[in-house]
Amino acid sequence: MADLFPSRDAQIGDDQGVSADQSLAARLAEAEAMQRPLRVKLGIDPTGADIHLGHSLLFRKLRAFQDAGHTAVLIIGDFTARIGDPTGKSATRVQLTVEEVEANASTYLAQLGQGQDPQRALLDFHTPGRLEVRRNSEWLAHLDLPRVIELLGISTVSQMLAKEDFAKRYGSGIPISLHEFLYPLLQGYDSVQVQADVELGGTDQKFNVAMGRDLQRHFGQRPQFGLLLPILPGLDGVQKMSKSLGNTVGLREDPLSMYSKLEKVPDAAVNDYLTLLTDLELARLPANPRERQKAMALEVTRLRHGEAAARQAQADAASLVAGAAGMGAAEADVPEASLAAVRFPAKAFYLLSAMGLCASSSEARRQIQGGGVRLDGEKLADPNREFSCASELEGKVLQLGRKIFRRLVQQI
RNA sequence: GGGUCGGUGCCCGAGUGGUUAAUGGGGGCGGACUGUAAAUCCGCUGGCUCUGCCUACGUUGGUUCAAAUCCAACCCGGCCCA
């Protein structure tokens with residue numbers, strides 16, 4: 001099947017290890033010579049509401065192509081999202097409704113910087129000719145059966161079963177629905193429809209990207225160049241960053257929470273974060289692992305929220321920790337939380353659940369009994385402790401575990 | 001379509017009539033320690049403004065004083081055969 005650009009630190013213009021006529025460098029040179037920008041495809045499935053850092057390196061790369069004068073073809077997989085990408089899932093994904101997909105798609109675009117300051121935005125939405133946003137329902141929703149059969153004829157069952165996820169599931173007796181075989185084909189068909197020259201994806205997308213090449217060849221197009229980027233490890237430092245694993249940092253998170261999460265990334269993953277998410281040079285960073293974590297967290301937060309906000313987040317994070325250690329209430333900008341939803345008199349455990357800080361009141365009760373809840377630095381020991389009115393709590397800082405701090409206010 | 005095995009809490013997986021919110025492991029959360037982490041140790045891990053009351057073992061109905069456990073039908077899945 002396809003020969004793809006395998007390099008971990010692939011840059012535009014690199015051409016290591018790939019035969020000449022297929023190398024990215026050759027394509028770039030060709031584009032230059034013919035004054036024709038490359039069409040660089042990146043597909044995203046709007047299956048969740050938030051874009052996280054794991055996605056953002058793809059967008060950074062896409063932006064680099066844009067800045068080099070090429071056309072980013074951003075495909076919103078509004079149709080394929082309703083099938084569910086089997087990639088990396090050990091179970092069939094839930095299918096989403098049209099409404100959910102639409103809502104997600106619009107938050108995605110907002111997070112990518114639509115309508116924002118082009119300097120801060122992740123993608124260039126402004127320069128004419130640099131961005132094309134397409135929804136794949138545009139062509140997929142109306143595929144007729146003969147065309148579907150044609151697509152199905154391009155691949156084989158054993159090719160599909162060669163795909164790791166399918167093989168694993170098949171081997172362990174976990175169901176694979178037939179429609180899941182369609183996913184790689186449809187995603188590949190996207191490449192045909194937009195006439196992609198290059199497709200960006202994580203290394204886990206290799207199969208799908210390669211399928212795109214097969215389909216393009218079948219339809220008489222020149223196969224796209226696949227540029228596969230490394231997968232960012234999640235906050236656990238082991239598995240890939242993924243919403244379903246709960247190990248993500250969302251682009252929409254406030255600076256403090258972004259910074260606090262990042263400075264806890266396991267040592268082993270810190271260098272990956274630095275290489276994949278920032279332009280800092282490893283050699284110039286402190287060798288001390290703790291210092292390096294901080295530098296990484298600061299830089300990643302800065303890229304998203306700007307210098308001032310990042311510095312503030314770092315300072316706040318530090319003083320919150322100090323506060324937790326018994327140094328008194330922090331001066332920091334603690335996110336505020338409204339007491340509006342709480343009906344007084346309120347017992348302590350109910351307070352936490354009513355404010356949404358704990359998933360349930362039983363959960364809140366456990367947290368308190370476990371000694372994980374503090375009010376203005378003082379441990380709350382009794383889950384039944386009763387507060388009679390909101391003003392009794394106004395302005396106090398509620399701490400849940402070591403990470404969550406909320407300043408209580410009556411209204412937002 | 002036939003045969004067969006199976007569906008238990010976030011996941012895996014015990015339990016086969018009665019101290020049962022259901023052994024154990026993983027994961028998660030909290031506490032101690034530390035670098036905020038890892039490792040280690042300890043605790044918690046259905047819901048509810050909770051000294052009690054609800055809801056739970058695929059679904060529905062049945063037997064019983066009593067059911068995750070027995071019966072029936074149905075739904076879903078694996079494997080083998082067609």
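A, B, ... follow the sequence lines: proteins, then strands. Residue 1 opens every chain.
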request  = Pick base, sugar-phosphate or nothing for A:Lys261, based on heavy-atom distances below 4.0 Å to the nucleic acid.
outcome  = nothing
key: Touch class at under 4.0 angstrom, heavy-atom based, for A:Gln367 against every strand present   =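 Answer is sugar-phosphate: A:Gln367 comes under 4.0 Å of backbone atoms only.
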message = Once ring pair (Phe, Tyr, Trp, His ring centres under 6.0 Å) is applied, do any residues pair with A:Tyr170, and if so which ones, sequence neighbours excluded?
response = none
ask   = Just checking, A:Lys347 and A:Phe349: is the charged tip under 6.0 Å from the six-membered ring centre and within 45° of the axis?
value = no
ask   = Is the Lys NZ or Arg CZ of A:Arg27 less than 6.0 Å from the centre of A:Phe225's six-membered ring, within 45° of the axis?
value = no
Separation of [N] [atom2] from [X] [atom1] (nearest whole Å):
{"X": "A:Arg292", "N": "B:A37", "atom1": "CZ", "atom2": "C1'", "value": "16 Å"}
{"X": "A:Leu235", "N": "B:A38", "atom1": "CG", "atom2": "P", "value": "12 Å"}
{"X": "A:Leu352", "N": "B:C29", "atom1": "CG", "atom2": "C1'", "value": "14 Å"}
{"X": "A:Gln239", "N": "B:G27", "atom1": "CD", "atom2": "P", "value": "11 Å"}
{"X": "A:Leu380", "N": "B:G30", "atom1": "CG", "atom2": "P", "value": "16 Å"}

So which protein nitrogen or oxygen atoms get under 3.5 Å of nucleotides 48-57 of chain B's nitrogens or oxygens?
{"unit_1": "B:C48", "atom_1": "OP1", "unit_2": "A:Ser361", "atom_2": "N", "d": "2.9"}
{"unit_1": "B:C48", "atom_1": "OP2", "unit_2": "A:Ser360", "atom_2": "OG", "d": "3.4"}
{"unit_1": "B:C48", "atom_1": "OP2", "unit_2": "A:Ser361", "atom_2": "N", "d": "2.7"}
{"unit_1": "B:C48", "atom_1": "OP2", "unit_2": "A:Ser361", "atom_2": "OG", "d": "3.0"}
{"unit_1": "B:C48", "atom_1": "OP2", "unit_2": "A:Ser362", "atom_2": "N", "d": "2.8"}
{"unit_1": "B:C48", "atom_1": "OP2", "unit_2": "A:Ser362", "atom_2": "OG", "d": "3.2"}
{"unit_1": "B:C48", "atom_1": "O5'", "unit_2": "A:Ser361", "atom_2": "OG", "d": "3.0"}
{"unit_1": "B:U49", "atom_1": "OP2", "unit_2": "A:Ser361", "atom_2": "OG", "d": "3.3"}
{"unit_1": "B:U49", "atom_1": "N3", "unit_2": "A:Pro345", "atom_2": "O", "d": "2.8"}
{"unit_1": "B:U49", "atom_1": "O4", "unit_2": "A:Arg343", "atom_2": "O", "d": "2.3"}
{"unit_1": "B:U49", "atom_1": "O4", "unit_2": "A:Pro345", "atom_2": "O", "d": "3.2"}
{"unit_1": "B:C50", "atom_1": "O2", "unit_2": "A:Arg365", "atom_2": "NE", "d": "3.0"}
{"unit_1": "B:C50", "atom_1": "O2", "unit_2": "A:Arg365", "atom_2": "NH2", "d": "3.2"}
{"unit_1": "B:C50", "atom_1": "N3", "unit_2": "A:Arg365", "atom_2": "NE", "d": "2.8"}
{"unit_1": "B:C50", "atom_1": "N3", "unit_2": "A:Arg365", "atom_2": "NH2", "d": "3.4"}
{"unit_1": "B:C50", "atom_1": "N4", "unit_2": "A:Ser361", "atom_2": "OG", "d": "2.7"}

Protein-nucleic acid N or O pairs under 3.5 Å, nucleotides 32-35 of chain B:
{"unit_1": "B:C33", "atom_1": "N4", "unit_2": "A:Arg402", "atom_2": "NH1", "d": "3.4"}
{"unit_1": "B:C33", "atom_1": "N4", "unit_2": "A:Arg402", "atom_2": "NH2", "d": "2.7"}
{"unit_1": "B:U34", "atom_1": "O4", "unit_2": "A:Arg402", "atom_2": "NH1", "d": "2.8"}
{"unit_1": "B:G35", "atom_1": "N1", "unit_2": "A:Asp267", "atom_2": "OD2", "d": "2.9"}
{"unit_1": "B:G35", "atom_1": "N2", "unit_2": "A:Asp267", "atom_2": "OD1", "d": "2.8"}
{"unit_1": "B:G35", "atom_1": "N2", "unit_2": "A:Gln293", "atom_2": "OE1", "d": "3.0"}

query = Which ranges of RNA chain B pair up as stems, where a stem means three or more consecutive Watson-Crick or G-U pairs with both distances under 3.5 Å?
reply =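 The stems are B:1-7 with B:75-81, B:10-12 with B:24-26, B:27-32 with B:40-45, B:46-48 with B:52-54, B:58-62 with B:70-74.
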Check nucleotides 78-82 of chain B for protein N or O atoms closer than 3.5 Å to its own N or O atoms and list the pairs.
none

side-chain hydrogen bond (donor to acceptor under 3.5 Å, both in side chains) partners for A:Asn247, two or more places apart = A:Asp236
